[in-house]
There are 2 protein chains.
Amino acid sequence: MTADPPPDTADPAPRRNLTLRDVSEAAGVSEMTVSRVLRGRGDVSDATRLRVLAAARTLGYVPNRIAGALASQRVNLIAVVIPSLANMVFPEVLAGLSEGLEGSGLQPVFGVSDYDPGREEAVLYEMLSWRPSGLVVAGLEHTAAARTMLAAAGVPVVEIMDVDGEAIDSVVGVSHRRAGREMAGTILAAGYRRIGFLGSNMPGDHRARKRLEGFVEGLAAGGATLTDAEFYTGGSSLKTGRELTATLLARQPDLDFLYYANDVIGAGGLLWCLERGLDVPRRLGLAGFNGLDLLEGLPMRLATTDAARREIGRAAATLLRERRSGVRLEMPNRVLPGQTIRQAPRPQAPGPSSFGKLSGR
Amino acid sequence: MTADPPPDTADPAPRRNLTLRDVSEAAGVSEMTVSRVLRGRGDVSDATRLRVLAAARTLGYVPNRIAGALASQRVNLIAVVIPSLANMVFPEVLAGLSEGLEGSGLQPVFGVSDYDPGREEAVLYEMLSWRPSGLVVAGLEHTAAARTMLAAAGVPVVEIMDVDGEAIDSVVGVSHRRAGREMAGTILAAGYRRIGFLGSNMPGDHRARKRLEGFVEGLAAGGATLTDAEFYTGGSSLKTGRELTATLLARQPDLDFLYYANDVIGAGGLLWCLERGLDVPRRLGLAGFNGLDLLEGLPMRLATTDAARREIGRAAATLLRERRSGVRLEMPNRVLPGQTIRQAPRPQAPGPSSFGKLSGR
DNA sequence: GTGAAAGCGCTAACAT
DNA sequence: ATGTTAGCGCTTTCAC
C-alpha cells in the first residue's frame, strides 16, 4: 500500500505482451471489470471506467482477440474470397461490402484465389479455421470439398456476382447469361448482323463463359449467329484489347460488331478502332461489360452492361449483418448503350429511360 | 428440483463445431496424437497417421486456429494496411507481397485506411489485436498512437512505398522526392520551360506531395520554376485527367509541359491532348508517375517513373519471412521517357540505358 | 510413438 | 457495480 513501486525497473526488452491482468493491477480492479470497460458492456461506474481507460492507455494495452474469440465463441470477421484484385471489378465489390459492413462491428478479411478452384479451396479452409461470422465467395462454381466446407460452416454464406447456378446458401448477383442475351438483342435491334466476340478463355472465368453462352442464345433467338470469336489468356489490359481486335478484324474484315468480354479490352479495342479511323458506330459497333469508370474518359462512350458491382457488395453486407440465410437476390443488369451502338435503323422506341440511367452513373 | 424438464432430447440442429476430441474419438487415439498428425509434427506411425487423416476427412474437421494460436502464441498472419484498393498501385504491391510470402506459411491479411490517418490507426489496432507475426503499412506518416502501437508490437514492421522520412522499423520503397527531382531534370534537359503540375491535394497523400516538392526543387536546380498547377480532390480517373488538363490549359495556354501526379490522370490528359490535335511531344510534353500497365494500350506511350511496386511487395515479404528488423531498402525508381517527352534539343547523351530498360517493362 | 496435465488470455454465468 | 469460477480448443511439456 505504502511504497509499492513496481520493481520491474529497467525491463531489458523481450517484452511479454500485456494482458488484462496488467491493466487490472494498474487500475486496482478485477480483470473482469477491465474487460467490461474495454468492451463497453455491463454497468461500470464512471470513476472506475475512467481509471481503467487511463491505465489501459498508459500501458498501451491492446486486447488479445484470440483469447477473446476463444472464450466468447464469437469472431467479428467476415471472410471474403475473390478471384483477383487486378481486375477492377473486385475492388469495387469490396468497397461496397466494406461500406455495407460499416458500423456493424464486422470486419471483412480478404483472400484471393487467382481464378484457381484449388487455391480457392485452400484459402477457404484457411479462413474457416478462424471461424468467421460469415463468408462471401465469388461465383457459384467451387470444388466439391469447398462446397461441403461452406455448407458445413454453420454461418451465413453469400455467393456473389453471379446468380446462374445452384447456391449453397444465399446468392447476390446478376445473371450473366441474361446480360449476354440482352446485349445480343440490343445489337440485333440496331441492325448489326456480322458479329464477333472477343474474350478470355480462362477455364476459371465462369461468368465470362455464361455471358458468351447467353449472347449466342440471344443471337439465335434473333435468327443470327456468332460470325467469329477470338480468345486470349491472362489478364485483361488495353493492350490485349488492341491485339485481339487487330487479329480478329484481320481475319474477318467485314464484321460489323465486336462484343468484348469486359470493358478493359473493349476500351483497348475502341482506341484501336478510332486510331484506324474506323467508322464507329456506323460501320462497326462495339460493346463491353461491367460499366467501369474507365469508360468515362475515353474519346467515345463504349456501350456496356452495368454489373451493379457496388450494389452487390452492399447487399451481401446487409445479408451478413442480418444473419440471413437462403436468400436469392438477382440485381438488374442494365444495358448502357453509350455511343458505340448506332441507333436502331427502324424508328422503334429508342428507350429514353436507358439514356436517363446512363447519366446516373 | 425433481421435475426440472429441459429434456434436451432431439437436438434440432445448432451443430456444434467439430473439435480435436471428435477426431480423436473417431480415430481411437489421443487428442495429442491427432494434433501431431494434423500439424505434421513429431513422430507418428504411418498406421496411426492414416487412421487420423481418414477420420478427420470423413468428419470434415477444420482445425480451430483461434485455440491453436492462443495455445502456441504463434499466428501465421501478416497484417497489411494500405490506403486504397481503387488505386491500382496497391493491388500490385499486394500481389508482390503475396508472391513473396508463398510457401512461407505466412498469410497476408489486408485492411484499407482510405487515406485517413484515424482510420489507419483503427485498422491497425484491430489487426494488432489478432497478434500477427508481422505488419506492413503504407507510408511513413501515421498518428502518434499508431506509431507507438507499431513500435510496441514486438514483431517486424515494414513501412512500404516511400523512404523519405523516419521509419519505425524497416522501410522498403522509392524516394518520391527524388522521383520528382529526376523528372524535373529530364524535362528541363529536353528543353521544356513553361511547366505545369496536375495532381490531387488530398491531405493524406504524402507521396504525391513529396513528388511535387522534389519536382519543384528539381526545377529550381535547373533555374526554372513551376508555372502553374491544378489540383483535384477524390479518386483518380481518366475523366479527372481530362478535366484538369482542360482547366489548366485554358488558364495557361502557353504551357509546354504537364507533369501529372499519376499515370491515370496523365493518361486522361494525354487522350484529351491528342483529341484536340495538340502536338505532343513537340509543342507540349507530358509525364505521369507509376509505370502502370494501362500506359501500354494508349495511342502514345506516356512518359512516367516506374515505382517498382511489385518489387517493393516482394522485398517486404522477404524481410518478414526472415524476421528482419531495422532494414532500409530504397529501390531505384527509373524514369521511362516514353514518347511524350521530345528528344533533348542539344545532342547530349540521350540515356540509351533508359530506353533499354523501357523495353524491359 | 503416444499420452496426461497444465495453461494460453479472455469472457459467460453466476455470485455478491 | 464488481468479483469469482470455470472453461473456450488447442499446444507445450514432460512422462512413459
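So that the names make sense, note that chain A is the first sequence line, chain B the second, and so on, each numbered from 1. Computed from a predicted structure; not experimentally measured.
Phosphate proximity of D:dG7 to A:Q73: absent, as no side-chain N or O sits under 4.0 Å from OP1 or OP2. For A:S45, a side-chain nitrogen or oxygen approaches OP1 or OP2 of D:dT2 to under 4.0 Å. The side chain of A:S30 places no N or O atom within less than 4.0 Å of a non-bridging phosphate oxygen (OP1 or OP2) of D:dT2.
Rounded to an integer number of Å, the gap from CG of A:L70 to C1' of C:dG7 is 12 Å. D:dG9 atom C1' lies 14 Å from atom CD of B:E25, rounded to whole Å. Taking atom CG on A:L128 and atom C1' on D:dG9, their separation rounds to 17 Å, with Å as the unit. Look at CG on B:N17: it is 8 Å from P on D:dG9, rounded to the nearest Å.
For the helix from C:dG1-D:dC16 to C:dT16-D:dA1, the terminal axes (five pairs an end, C1' atoms, rotation from four pairs onto the next four) enclose an angle of 30°, given to 10 degrees.
Remark: B:T148 pairs with no residue by the side-chain contact (heavy atoms from CB on, under 4.5 Å) rule, at least two apart or across chains. Residues forming a side-chain contact (heavy atoms from CB on, under 4.5 Å) with B:A86 (at least two apart in sequence, or on another chain): B:S84. In this structure, A:R147 has no salt bridge (charged side-chain N to carboxylate O under 4.0 Å, His left out) partners at least two apart in sequence or on a different chain. Every residue meeting the side-chain contact (heavy atoms from CB on, under 4.5 Å) condition with A:V163, not counting sequence neighbours, appears here in chain and number order: A:V171, A:S175, A:R328, A:E330. In this structure, B:A71 has no side-chain contact (heavy atoms from CB on, under 4.5 Å) partners at least two apart in sequence or on a different chain. Residues passing the salt bridge (charged side-chain N to carboxylate O under 4.0 Å, His left out) test with B:R119 are A:E102, B:D114, sequence neighbours excluded.
Residue B:R39 qualifies as enclosed at atom CZ: its count of foreign heavy atoms under 6.0 Å is above 12.
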For residues 50-61 of chain B, run the donor-acceptor check on the side chains, cut-off 3.5 Å, and write out each pair with its distance to 0.1 Å, sequence neighbours left out.
| from | atom 1 | to | atom 2 | distance (Å) |
| --- | --- | --- | --- | --- |
| B:R51 | NH1 | B:A27 | O | 2.7 |
| B:T58 | OG1 | B:A54 | O | 2.7 |

Contact state string [nucleotides 10-16 of chain C, B base, S sugar-phosphate only, - no protein heavy atom under 4.0 Å] = BBB----

